[in-house]
Number of protein chains: 2
Amino acid sequence: MTITDIRQQLSEKGLKITPQRIAVLEAIIKLNNHPSAENIIDYIRKNYPNVSTATVYKVLDALVDNELIKRVKTDKDVMRYDAILHAHHHLYCTKTDKIKDYFNDDLNHLLTNYFKKHRILDFEIADIKLQIVGKFKTPKKTAPKKRNILPKKA
Amino acid sequence: MTITDIRQQLSEKGLKITPQRIAVLEAIIKLNNHPSAENIIDYIRKNYPNVSTATVYKVLDALVDNELIKRVKTDKDVMRYDAILHAHHHLYCTKTDKIKDYFNDDLNHLLTNYFKKHRILDFEIADIKLQIVGKFKTPKKTAPKKRNILPKKA
DNA sequence: TATTAAACGAGAATGATTCGCTTTTAGATT
DNA sequence: AATCTAAAAGCGAATCATTCTCGTTTAATA
Ligand SMILES: [Mn+2]
Ligand SMILES: [Mn+2]
Ligand SMILES: [Zn+2]
Ligand SMILES: [Zn+2]
């Protein structure tokens, strides 16, 4: 995803191409970790110190409205954003608040087929998403490498 | 679910039985529509005009911590609450913000089995919930009753 | 009934997000 | 290339759901 691609995407949606919009979209793509507005602002300000907070929020709204990004809901008071549009689910870590993508087309088909067969009365499904809540396991300590380490205190 | 039951539930969790706690839990059960804190406050104040907003939030936290109710996440800035503890999913109406319960043990088994067979690397699942987003269909107009209606304009 | 830690009430504070208004700018038009 | 103008950006104030603080009340226990 190059800046040219981003300009292309904005243009396709009939959005004016502005440095702020490019920066926001680029930030979400680069950060690639379902960043909050604050994360995005911090990231952008490294290169463009004068971007206004309100502008970032307005850009985020515009990008969501034009389906260039998606909102990711959380338990917390902060909204998070996702530039990956391909259908996928999310692993929510209760310990760290990290959100990890979970791609599984097999599962998507399972669900789609399930609901094709079992319609929900009076409800028209637009999207089905799994909230998979839990904890990331810290990988099992396998025999740690022996190393010469200086003792903490002489 | 009587008030005696509610007192029982609070007591089992070692929570002090207070009129405010009873009122909040009763409100969520009676409203039965994933109410927001504001909905709950409005409901309660009809009978107890002096309940403090802060108290309601504190009670909600205590009830969640003690697993007597659950939080329901939404797109919006308001948290909503659920007194139904039995595993179920939610239908989110994008048009009206209504959230309807979707019970389906068949589907629950499908998912549980699926993830029993297909572990997610390095992730320990605590809970899986479906966010089913869409719109409630207004029931199809079936042959409308013929009626004598006055014409709109003479 | 007295004791006391826990819970409550009232209002201030917080903080993510939005608003209102002025200034700037992208992109079209001369 | 210079001009035009609706759209976008900037900025400070406002909003509002939720949390905090602290003085007062109360449920539970002895
Ligand atoms: Mn907030
Ligand atoms: Mn908020
Ligand atoms: Zn994602
Ligand atoms: Zn529910």
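Protein chains get the first letters and strands the later ones, always in sequence-line order, with residue 1 at the start of each. All values below come from the heavy atoms of this structure, side chains included, with hydrogens, waters and symmetry mates left out. As the structure is a prediction and not an experimental result, all values here were calculated from the model.
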Chemist: Nearest to the B:Ile17 side chain among C:dC8, D:dG10, D:dA28, which nucleotide is it?
Modeler: D:dA28
Chemist: In this structure, how many angstroms lie between the C1' atom of C:dT17 and the NZ atom of A:Lys58, rounded?
Modeler: 12 Å
Chemist: Under the side-chain contact (heavy atoms from CB on, under 4.5 Å) test against B:Tyr81, which residue among B:Leu63, B:Leu31, B:Ile69, B:Leu25 passes?
Modeler: B:Ile69
Chemist: Report the distance from atom OH of B:Tyr57 to atom C1' of C:dG11, rounded to the nearest whole Å.
Modeler: 15 Å
Chemist: Please give, in whole Å, the distance from D:dC20 P to A:Asp77 CG?
Modeler: 12 Å
Chemist: In whole angstrom, what separates A:Leu10's CG from D:dA8's P?
Modeler: 11 Å
Chemist: Can you identify which nucleotide, out of C:dT17, D:dA28, C:dA26, has its nearest atom closest to the A:Lys16 side chain?
Modeler: C:dA26
Chemist: Tell me which nucleotide among D:dG10, D:dA28, C:dT17 gets nearest to the side chain of A:Ala37.
Modeler: C:dT17
Chemist: Between B:Pro19 and A:Val56, just flag the one whose closest nucleotide in DNA chain D comes earlier from the 5' side.
Modeler: A:Val56
Chemist: Quick check: on DNA chain D, is the nucleotide nearest B:Leu15 upstream (toward 5') of the one nearest B:Thr53, or the reverse? Name the residue that is more 5'.
Modeler: B:Thr53
Chemist: A:Gln20 has an atom CD; how far is it from atom P of D:dC11, in whole Å?
Modeler: 11 Å
Chemist: Between B:Lys76 (NZ) and C:dT18 (C1'), how many Å, whole number?
Modeler: 14 Å
Chemist: Measure from the side-chain heavy atoms of B:Val59 and tell me the nearest of D:dA9, C:dA16, C:dC8.
Modeler: C:dC8
Chemist: Are the ring centres of A:His88 and A:His86 closer than 6.0 Å?
Modeler: no
Chemist: Flag the pair A:Asp65 and A:Lys13 as a salt bridge only when some basic side-chain nitrogen lies within less than 4.0 angstrom of an acidic carboxylate oxygen.
Modeler: no
Chemist: Once you round it to whole Å, what is the distance between P of C:dA7 and CG of B:Asn66?
Modeler: 10 Å
Chemist: Across the strands shown, which category fits A:Thr18 at heavy-atom distances under 4.0 angstrom: base, sugar-phosphate, nothing?
Modeler: sugar-phosphate
Chemist: If the test is side-chain contact (heavy atoms from CB on, under 4.5 Å), which one of A:Ile40, A:Val56, A:Thr53 qualifies with A:Arg45?
Modeler: A:Thr53
Chemist: Just compare C:dG9, D:dA28, D:dA9 and give me whichever is closest to any side-chain atom of A:Arg21.
Modeler: D:dA9
Chemist: Expressed as a whole number of angstroms, how long is the span from A:Asp61:CG to C:dC19:C1'?
Modeler: 12 Å
Chemist: Given the ring of A:Tyr92, does B:Lys73 sit roughly above its face, with NZ or CZ under 6.0 Å from the centre of the six-membered ring and within 45° of the axis?
Modeler: yes
